[in-house]
Number of protein chains: 2
Amino acid sequence: MSISPYDFIRYKRLGKSADPKDIKEFIQGYLDASVADYQMSAWLMAVCFNGLAEDELVAYTEALIESGSRFDLSEIPGVKVDKHSTGGVGDKVSLVLAPLVASCGVAVPMVSGRGLGHTGGTLDKLASIPGFCTDLSVDEFKRYLSKIGVAMMGQSADLCPADGRIYALRDVTATVDSIPLIAASISSKKIAEGAQGLVLDAKAGNGSFMKDESKAEELARTIIKITHRFGVKTTALLTDMSQPLGRAIGNALEVAEAIECLKDQGPEDLRKIVLELAAEMLLLGGRKDHEQARKEAEDALERGRALEKFQEMVKMQGGDPRIVDDPNLLPQATWKIKASSERSGFVQSINAYQIGMLAVDLGAGRRRKEDLIDPAVGFRIYKKIGDEVRKDEELATVHANDESKGLEVAEEWKGCFEIGEEPVSAPRLVIKRIT
Amino acid sequence: MSISPYDFIRYKRLGKSADPKDIKEFIQGYLDASVADYQMSAWLMAVCFNGLAEDELVAYTEALIESGSRFDLSEIPGVKVDKHSTGGVGDKVSLVLAPLVASCGVAVPMVSGRGLGHTGGTLDKLASIPGFCTDLSVDEFKRYLSKIGVAMMGQSADLCPADGRIYALRDVTATVDSIPLIAASISSKKIAEGAQGLVLDAKAGNGSFMKDESKAEELARTIIKITHRFGVKTTALLTDMSQPLGRAIGNALEVAEAIECLKDQGPEDLRKIVLELAAEMLLLGGRKDHEQARKEAEDALERGRALEKFQEMVKMQGGDPRIVDDPNLLPQATWKIKASSERSGFVQSINAYQIGMLAVDLGAGRRRKEDLIDPAVGFRIYKKIGDEVRKDEELATVHANDESKGLEVAEEWKGCFEIGEEPVSAPRLVIKRIT
């Protein structure tokens, strides 16, 4: 290294920008163990305070990418477009969106993650489909993508391994919520998987990781800046996560709701966000007009082409395609417990974060990396912000495999809803478009 | 732990104060390996940015102390008073001061450190005295102290072991220069060694670790605050380290100069600082009047009682007492190389930091912990700030055991002096007294 790890850390502590070459050597040093865990964590903490300048960010992202291999998707025709959500509660958008966009002829190579904290992960949802395999080799991923235009896989060991190691370290040193570190982590994987266009669903609100809109916007702008430097065009939608998306929370329940949505019988908010994101993906895929792109997506949904593509994908990846016609083939919970309202009024606000944590309590998510997930558990919720509710009316159904845990959660559920006398309007779903 | 290490780190990152109990558990966790190195370094970096509130500082210091054993010096009569210097170039004060104060009847239990970076350490200087042993057991330390009122030892493994481990981690993660961390590290050792009074020589200027006075003063005030909470009274003198202290730099050369000073034939600046610090130590030891205390110290120096005590200490700790009469018995360097001035004028400034680093180059200090020290090498310097110098006049003599290295250093030496035409006055040695 042209400077010592010590000086490298010290400069960041002092707020100086590092030479891009030194950043790469520091990450490389971490991989070959000449930079220790405790040095990396000290540097990460200094970054949390002093940030990264644009050139540092690009070098850091490049180092993450270069730690593994970059997928070569050049043999697949057309522009490859992916979507990434910064994470929320009830966010099953990818399950609908990826086949929908693929059914319009734009290839969607999707590398997804597992659930994190109070938020669910696409991989965990897919795992609730009997037989569905996300543990693909790069060759399988490319073959499926060539054949049907869409494939979904988990992060392979060879995709940005430095990001995986650094993320694990951030996760135990309170250095996760740093915009440059999050932005580089997301960007590196999307660039490495071979996407040429990216639509970012940047969520803001109590159910997301960014409680306030300005942070979510800053994250979106940072990702746009980084990906642009690697030739990837990103469009971001800043969307509301002040309440769960749709009406289902929990892995199999969300797959069932995604199928409803693909049959154009799903909840309105999910449909709307899917179509908005699909329009953006089609624009990145070469369409010229936003209104027409949206119409094209709507058409694919209404005419069942998206559903057909979803079924094709399930089959291709080893899943049971009959779940499309019979969602009861998905795992079902033993206990269904009502959570009722203690008063009449209008839903003023919903604590989506707490709902996400209650889902984790039921077993829908992990407290620790090694925890097993129960695919069947979760919630169906009947009231959203602005809805009127009467005393004793059902707010949600808790799906549990442990009755006492389910009863406990149903009791706690009531605390997630604030009900007041004033009528309120539903929050705006798409807050802002950022390019 | 009542909170997880993760949350403990996160709170500090967010600028919140921790519960004193949690700080102790975090340090304890580090010692029993339930808190990892990388978590400790992340927390230390967060402390560098967000500091420690007074109660946190006290709890942190207490945790460092409680990680080992606290010396019980109650059997030694009177108030035990120690001195600590924050470190400088040519700082051999302890060698003169400890026996001087002991010769006035105030016991001086001194636990010293090795050299650090560009600064020398008392332990390394003592090691240049043939036979002198600083590797004492607590019992030996107490016995010597009882017998002659002064003893000097290196930090035993049992004295604040957590501080030793954390210091080693800070040293490789760029988290050394944090005022609360430095203050706690110094205070913990002085409290644990059993001192009841402490005089702090807080150095400011390019040869010290705190380049500016306000930082040095903040450090002093922090140490005063902490030690007070443990019943130790501290007085600090803020002193100048914009040039080396005295005229000798290097271990044996500094011991020789300390002996000169004990014979009252040493350089004026060293004598002055010794007497000022001695007066403060005597005040902490029970004297009532500053002027009288200073006179008492001066008297002990002039009448040779301090020298006698020094000789007694050398003998007690296994050293060759004949060095007092014949300093040539100390290690001598083979080569003495002149460094001359390239121009005439007045010494405007001296780069004491660089001089310290050149001494390390010669072998007087360590680049790495495992480096061996050459006790004989160093400098004698003839010009200080404000002195007039003629072209080709000697600025210093380089004492080296490797001729080519010595010649190289002699050449570089010239760059350490800024010589200009304007007469300048010498810097004020004692800048401020802080209690």
Side-chain angles (χ1 to χ4, degrees), chain A residues 1 3-16 18 22 26 29-30 33-52 116-118 165-182 209 211-212 215 357 366-369, chain B residues 1 3-16 18 22 26 29-30 33-52 116-118 165-182 209 211-212 215 357 366-369:
Chain A
M1 236 175 131
I3 61 168
S4 67
Y6 180 91
D7 279 333
F8 182 78
I9 301 166
R10 193 167 65 91
Y11 288 164
K12 182 44 66 189
R13 181 182 161 192
L14 297 175
K16 294 181 190 171
D22 292 335
F26 188 72
Y30 181 56
S34 60
V35 170
D37 272 342
Y38 49 79
Q39 292 178 312
M40 178 56 83
S41 68
W43 181 74
L44 291 168
M45 185 58 86
V47 169
C48 289
F49 283 93
N50 283 337
L52 289 173
L116 197 64
H118 63 287
R165 279 195 56 197
I166 292 172
Y167 190 87
L169 189 62
R170 288 166 59 204
D171 199 30
V172 290
T173 55
T175 50
V176 168
D177 62 336
S178 150
I179 286 177
L181 296 178
I182 297 172
F209 286 102
K211 307 304 170 204
D212 58 271
K215 290 278 177 199
M357 290 313 292
R366 295 176 192 82
R367 292 209 168 274
R368 294 158 171 273
K369 282 191 186 59
Chain B
M1 237 176 130
I3 62 167
S4 67
Y6 180 91
D7 279 332
F8 182 77
I9 301 167
R10 193 167 65 92
Y11 287 164
K12 181 45 66 189
R13 181 182 160 191
L14 296 176
K16 294 180 189 169
D22 293 335
F26 187 72
Y30 182 56
S34 60
V35 171
D37 271 343
Y38 49 79
Q39 292 178 312
M40 178 57 83
S41 68
W43 181 74
L44 291 167
M45 185 59 86
V47 169
C48 289
F49 283 93
N50 283 337
L52 289 174
L116 196 65
H118 63 286
R165 279 194 56 197
I166 292 172
Y167 190 87
L169 189 62
R170 288 167 58 205
D171 199 31
V172 290
T173 55
T175 50
V176 168
D177 62 336
S178 150
I179 286 176
L181 296 178
I182 296 171
F209 286 102
K211 306 305 170 203
D212 57 272
K215 290 278 177 201
M357 289 314 291
R366 294 176 193 82
R367 292 209 169 274
R368 294 159 171 273
K369 283 192 185 61

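In the text below, chain A, chain B and the rest are named by the order of the sequence lines, each starting its count at 1.
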Checking heavy atoms, do the side chain of B/L169, its backbone, both or neither come under 4.5 Å from chain A?
side chain
Residues B/V172 and A/I9: closest non-hydrogen pair is O-CD1, 4.0 Å
Across chain A and chain B, what donor-acceptor pairs are shorter than 3.5 angstrom?
{"unit_1": "A/R13", "atom_1": "NH1", "unit_2": "B/A174", "atom_2": "O", "d": "3.0"}
{"unit_1": "A/R13", "atom_1": "NH1", "unit_2": "B/D177", "atom_2": "OD1", "d": "2.7"}
{"unit_1": "A/R13", "atom_1": "NH2", "unit_2": "B/D177", "atom_2": "O", "d": "2.8"}
{"unit_1": "A/Y38", "atom_1": "O", "unit_2": "B/S41", "atom_2": "OG", "d": "2.6"}
{"unit_1": "A/Q39", "atom_1": "NE2", "unit_2": "B/V172", "atom_2": "O", "d": "2.8"}
{"unit_1": "A/S41", "atom_1": "OG", "unit_2": "B/Y38", "atom_2": "O", "d": "2.6"}
{"unit_1": "A/S41", "atom_1": "OG", "unit_2": "B/S41", "atom_2": "OG", "d": "2.7"}
{"unit_1": "A/V172", "atom_1": "O", "unit_2": "B/Q39", "atom_2": "NE2", "d": "2.9"}
{"unit_1": "A/A174", "atom_1": "O", "unit_2": "B/R13", "atom_2": "NH1", "d": "3.0"}
{"unit_1": "A/D177", "atom_1": "O", "unit_2": "B/R13", "atom_2": "NH2", "d": "2.8"}
{"unit_1": "A/D177", "atom_1": "OD1", "unit_2": "B/R13", "atom_2": "NH1", "d": "2.8"}

